[in-house]
Novice: 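Could you have a look at this structure, given as structure tokens, before my questions?
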Amino acid sequence: MLEIKNLHAKIGDKEILKGLNLTVKAGEVHAIMGPNGTGKSTLASIIAGKEDYEITAGEILFEGKNLLDLSPDERAREGVFLAFQYPVEIPGVSTTNFMKAAVNAKRKHHGQEPIVAKEFLAMMNEKRQLVELDKSYLSRSINEGFSGGEKKRNEIFQMAMLDPKLAILDETDSGLDIDALRIVADGVNKLKSKNNAFLVITHYQRLLNYIVPDFVHIMYDGRVVKTGDKSLALKMEERGYDWIKEEVGV
Amino acid sequence: MSEQDTILGEHISSDYKYGFITDIEQEKAPIGLNEDTVRYISCRKNEPEWMLEWRLTAFRQWLKMKQPEWQNVHFPNIDFQSIIYYAATKKKPQYASLDEVDPELLAVYDKLGLPKEEQKLLAGVAVDFVMDSESVITTFKETLKEKGIIFCAISEAIREYPDLVKQYLGSVVPPRDNYYSALNSAVFSDGSFVFIPKGVRCPMELSTYFRINAQNTGQFERTLIICEDNAYVSYLEGCTAPMRDENQLHAAVVELVAMDNAEIKYSTVQNWYPGDKEGKGGIYNFVTKRGICKGINSKISWTQVETGSAITWKYPSCILKGENSIGEFYSVAVTNNYQQADTGTKMIHIGKNTRSRIVSKGISGGHSQNSYRGLVQVHKTAENAYNFSQCDSLLLGDKCGAHTFPYLEIKNKSAQVEHEATTSKIGEDLLFYCNQRGLSNEEAVDMIVNGYCKEVFKQLPMEFAVEAQKLLSISLEGSVG
């Protein structure tokens, strides 16, 4: 589904990704861990198409298509979803209206008619329950006055509404208490299928107790330096990142 | 950032969609302005002697006045001697039905996006279509007549209802009020007259579509709306204009009078040609709009959506004289490219327990400048006056400007005045978030801007709100990155 080959990227003069390789297949959950400043969130932003970065080498293939040729909104309509670390607030635009526009943009892209109101409302109702989001949030302006946990739940709700092929969770667990973490993780687990894939970016092993990864990648200095199964995450938690630095010799 | 600028540039580069010109034979006044011009206009309109005198008095006052310079807009000196002050369509049709109307005119309706029968059948809107200086078509007159409502061209009112016109014309905006009101009083060509008698609730929205059509012709409308005790009217004013190279001066005067328990709702969607991408051409829109809440418990509500004109300079105001009277001002002002807008309101509290509410939403893109200027004045007599003002500015890009000039003059200690102001920007993060959900920049800007303006749009009648949203989309097309 997703194939990243020898990806190099910089912002200004600073090289952040230095030859990153990653392959994600449908039905898989990949976790990306690593210390601050190693390029985890940069990777998420680049896959989603944020324009601050310059790609200097390498490629990203998504379902065989060159992702770097597509605009951010085209990528989204093709099925790439990013759950933001810091979701923005949009005053005056309700989650309902926002989602309706988003769902219809995707439908149009795939040659479908706009969704009928009744069907849309039923879908909203079903999906919000996945993350125990109260109905009242849907008519409020997006994220305005939402707590950190509510914003993250709203991200997962939007993910459920848009049913992406590839979902990237950028430190979705940061700032969540244990209950919110469980709710978010439950939501993700319910959305998991053999047709989609998840890329979970996190600092902590904690989230991975709930969303169990098939692969754990350790990023350091702009590259994936080690890949293993879920036991690697536990090992990281126990021993810290210095262990990795020694083991891979950086 | 450069990427954002590019996208911004593209958005801002959308063309004026209503830039079409109709070819209907016209009769024009000689170029320039002197007493003879005023006499010519008065004569063309078959006006009585008193009206001519009124105009001439205004003209003599105007000669003594100076152009104001305090506003935050810049434009080259206007040569008042190079303007044609009157143009009328040559044929004077008196049609029984639309079938008899000049097909050219019907084509104008079509281009404006108005289904021919829309006003008649769907919306129940009577339309007094002012094409250039002459009212050419009036519908629904009969229905209104049954209720005693007068809705006609002001030139007709001058002939048919001289006592009403004498009593109220210039009573809210005296000719000497300002430079442009004096000019308008001298040379106004036409406009609407509305009279709602005691206890009558006007059963439909009254609407006028103005359109500047003859080259070099200043448009000087004069509108007068009177609501007697316990009467109600909602009036809609909407405008588009054909594309022109030269600047066109537009100086209208609108006067509203609300008696005891009366309510007037005045809504405007203004979309005159704003000039091209380089700021060439476009309409100068220098308007004086003022209403007086003369009676107790009366209410005047201005709602405006301003997307057009090279320069917009207007302050629809309320004089709150009657006890418990209410004044409202809801405004969305959009500027793009090199447009300039200096707009806002004046709320003059004179009576006891008077209340006013100001909601202003400015949106600036391109190299445009957008100013809110508002005065809240509470006189000694205005016990327990209350005002709430909210002035929000939204910036699209970093070459435009937003300014807020709130003035408060409070002479009664019991007054309660609240002012809130915000400035926000459609930044990269916000757009990226929307993009990431599958929305293009245009869809995102549309949605954000409409959300931002929601409070004002919901004041508009339904059909008008839809049109306003459309205009906003057109004005900001391609505009943000």
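None of these values were measured; they are calculated from a predicted model. We name chains A, B, ... by the order of the sequence lines, and we start the count at 1 in each one.
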Novice: Taking only heavy atoms into account, what residues of residues 74-84 of chain A are found under 4.5 Å from chain B?
Specialist: A:Ala76, A:Arg77, A:Val80, A:Phe81, A:Leu82, A:Phe84
Novice: Could you look at A:Lys50 and say if it's the side chain, the backbone, both or neither that has a heavy atom under 4.5 Å from chain B?
Specialist: both
Novice: Taking side chain as C-beta onward, heavy atoms only, is B:Asp429 less than 4.5 Å from A:Val88?
Specialist: yes
Novice: Can you name the ring pair (Phe, Tyr, Trp, His ring centres under 6.0 Å) partners of A:Tyr53, sequence neighbours left out?
Specialist: none
Novice: Tell me whether the count of non-hydrogen atoms from other residues, nucleotides or ligands lying under 6.0 Å of NZ in A:Lys108 goes above 12.
Specialist: no
Novice: Is the count of non-hydrogen atoms from other residues, nucleotides or ligands lying under 6.0 Å from A:Glu113 atom CD greater than 12?
Specialist: no
Novice: Could you tell me the separation between the CD1 atom of A:Ile47 and the CD atom of B:Gln436, rounded to the nearest 0.5 Å?
Specialist: 10.5 Å
Novice: Walk me through whether A:Ile90 and B:Tyr433 qualify under side-chain contact (heavy atoms from CB on, under 4.5 Å).
Specialist: CA-CA 10 Å; A:Ile90 311 180; B:Tyr433 189 82; 4.3 Å; yes
Novice: As a quick check of understanding, evaluate side-chain contact (heavy atoms from CB on, under 4.5 Å) for B:Leu439 and A:Phe98, giving each step before the final call.
Specialist: CA-CA 9 Å; B:Leu439 304 176; A:Phe98 185 58; 3.8 Å; yes
Novice: Could you measure the distance from the CG atom of A:Asp73 to the CG atom of B:Asn441? Nearest 0.5 Å is fine.
Specialist: 7.0 Å
Novice: Show the nearest heavy-atom pair for residues B:Phe432 and A:Ser45, with the distance to one decimal.
Specialist: CZ-O, 4.2 Å
Novice: Carefully, step by step, assess B:Glu428 and A:Asp52 under the rule side-chain contact (heavy atoms from CB on, under 4.5 Å).
Specialist: CA-CA 10 Å; B:Glu428 236 170 303; A:Asp52 302 353; 3.2 Å; yes
Novice: Can you give me the closest heavy-atom contact between B:Gly438 and A:Ala105, atom names plus distance?
Specialist: O-CB, 3.4 Å
Novice: Whether A:Glu155 and B:Arg437 form a salt bridge (side-chain N of Lys/Arg under 4.0 Å from carboxylate O of Asp/Glu) is what I want to check.
Specialist: yes
Novice: Please flag which part of B:Cys453 lies under 4.5 Å from any non-hydrogen atom of chain A: side chain, backbone, both or neither.
Specialist: neither
Novice: Count the heavy atoms of every other residue, nucleotide or ligand shown that sit under 6.0 Å from CZ of B:Arg355, and state whether that count exceeds 12.
Specialist: no
Novice: Name the region of A:Asn104, side chain, backbone, both or neither, that has any atom closer than 4.5 Å to a heavy atom of chain B.
Specialist: neither
Novice: Name the member of A:Gly49, A:Ser141, A:Pro164, A:Ser94 that forms the most heavy-atom pairs with chain B at distances under 4.5 Å.
Specialist: A:Gly49
